[in-house]
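In what follows, a structure is listed as structure tokens, so that the remarks can point back to it.
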Amino acid sequence: DKGNHRHFMLKEIYEQPEVIGHTLGHYLSFNNLQVNLPESGGLDFAKIDRINMTACGTAYYAGLTSKYWFEGLARLPVDIDIASEFRYREAPLSKDGLSLFISQSGETADTLAGLKYCEEQGQHLAAVVNVRESTIARASHSVFPTLAGPEIGVASTKAFTCQLSTLASLAVAAGVQRGHIDREREKQLVRDLSEAPRYANEVLHLEDTIAKLAHRLANKQHVLYLGRDTNFPLAMEGALKLKELSYIHAEGYAAGELKHGPIALVDENMPIVVIAPHDRIFEKTVSNMQEVAARGGQIILITDPKGAEAVGMDEAEIIVMPEMPEIITPIIYALPIQMLAYHTAVHMGTDVDQPRNLAKSVTVE
Ligand code: F6R
């Protein structure tokens, strides 16, 4: 049932404040501002020296985002691979390593094959899954559910932000267990994460603005997405959403990588979506943005009030997000990215809930 919404995808976008709240509530105790891991299957991050992650598509981008969190908050090195590569790579794994699989369906064939490989290597297996009874969940020692509820739209939206919510909670837990996050910092991070549903709700009000901006992407040949740090995986996720929904060719790049090749593509027919909250690397991303603007690239900047003020661009080109704690930016900035792809597809009249050639669950190789 789509409720009042035109598509399942839009309904699922709008469910995010609620399901992000449910998911975070499973891992965080908001009363005593503590993180706790139910069903962790005896997992102790203090005894782990490495994580290797495996996933496909959107779930892979959630994992890639969490690499920044695990390494930054818990000083825990993360290797991450797309499952179709990992399964044939025969990667050497650390004896004290954790193998983590991220999958909405829990049935993705390549991800499952990666799990089998890690099982043979005697690894501790953990899964971030949305379907509790799935094959990947049942085969894992530790199960970390995302409480997104059933996702009907083929393009993943709420499952992605719930994966991020779960992985952020796990990274904080890892930081606490490994002694890199003290009690005060833990309290602050839990408080920051607890704000996510409220910000998600606030950002949904930007839909009209975003629908207007989507006109600029509709019927273009190519679109580039740029970001740094945790917004780099989000740039790739944004490009994936646009490709699958609108069939426009899109690429997500680390903003600093632009001058190593892709800037050659830029001309006045190339819209560029820049994801840049006003953080410690904002200036770096903005200077990359100015390089593309100087070559005629049409910019859509997603930033916050401080960022908007600092760039002094025409406000018609900016999606102004609320200022928010750093740890939740990839979760909350996912929403305008999703809405932008959705409205571009609606302008172009494509089948949003059932894009051509795609299946919801990829159970064959
Ligand atoms: C994109 C999308 C896919 C899935 C991928 C993995 O919107 O939905 O890229 O993320 O097929 O699926 P799961 O998470 O079920 O393993």
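Order of appearance sets the numbers: ligands from 1, and atoms from 1 within every ligand. Everything quoted here is computed from the prediction, not taken from an experiment. Computation of the quantities below employed the complete heavy-atom set of this structure, encompassing side-chain atoms and omitting hydrogens, waters and symmetry-equivalent molecules.
When heavy-atom distances to ligand 1 are checked against a 4.0 Å cut-off, Glu244 comes that close only through its side chain, counted from C-beta outward. With a 4.0 Å heavy-atom cut-off, ligand 1 is reached by the backbone of Val154 but not by any atom from C-beta on.
Counting protein heavy atoms only, atom 16 (O) of ligand 1 is closest to Thr108 OG1, 2.4 Å. Annotation: atom 14 (O) of ligand 1 to nearest protein heavy atom, Gln104 N, 2.6 Å. In terms of protein heavy atoms, atom 6 (C) of ligand 1 is closest to Cys56 O, 3.3 Å. Nearest to atom 11 (O) of ligand 1 among the protein's heavy atoms is Val362 CG2, 4.2 Å. Summary of contacts: the protein heavy atom closest to atom 15 (O) of ligand 1 is Ser105 OG, 2.7 Å.
Classified by interplanar angle (parallel below 30°, tilted 30° to 60°, perpendicular above 60°), the ring pair Phe70/Phe45 is tilted. Taking the six-membered ring where the residue is Trp, Tyr117 and Phe86 present perpendicular rings, their angle passing 60° and hence far from 30°. Below 30°, between 30° and 60°, or above 60°: for Tyr27 and Phe144 the angle between ring planes is between 30° and 60°, a tilted geometry.
For atom 3 (C) of ligand 1, the candidate residues are Val131, Thr58, Asp110; the nearest heavy-atom contact is made by Thr58.
Under the 4.0 angstrom criterion for non-hydrogen atoms, Lys360 is not in contact with ligand 1.
Atoms of ligand 1 found under 4.0 Å from any heavy atom of Lys241, numbered from 1 in the order shown, are 1 (C), 7 (O). Each of the following atoms of ligand 1 lies closer than 4.0 Å to a heavy atom of Ala155: 7 (O). Taking every non-hydrogen atom of Ala59 and a distance limit under 4.0 Å, the qualifying atoms of ligand 1 come out as 10 (O), 14 (O). Of all atoms in ligand 1, listed by their number and element, those nearer than 4.0 Å to a heavy atom of Ser156 are 7 (O), 8 (O). Close approach of ligand 1 to Gly57 is summarised as follows: ligand atoms under 4.0 Å from at least one heavy atom of the residue are 9 (O).
Ile82 and Phe160 fall within the same hydrophobic cluster, defined by Ile, Leu, Val, Met, Phe, Trp and Tyr side-chain heavy atoms under 4.5 Å apart, directly or through other members. Connection of Leu234 to Leu224 is not established within any shared hydrophobic cluster, with ILVMFWY side chains joined at heavy-atom distances below 4.5 Å, either directly or through further cluster members.
Taking CG from Asn52 and CD from Gln121, the interatomic distance works out to 10.0 Å, rounded to the nearest 0.5 Å.
With 3.5 Å as the limit, one finds no donor-acceptor pair spanning the side chains of Thr157 and Gln16.
Checking each of Leu217, Ile300, Leu213 against Pro271 for a side-chain contact (heavy atoms from CB on, under 4.5 Å) leaves exactly one that passes, namely Leu217. Of the listed residues (Lys212, Glu207, His215), just one forms a side chain to side chain donor-acceptor pair (under 3.5 Å) with His343, and that residue is Glu207.
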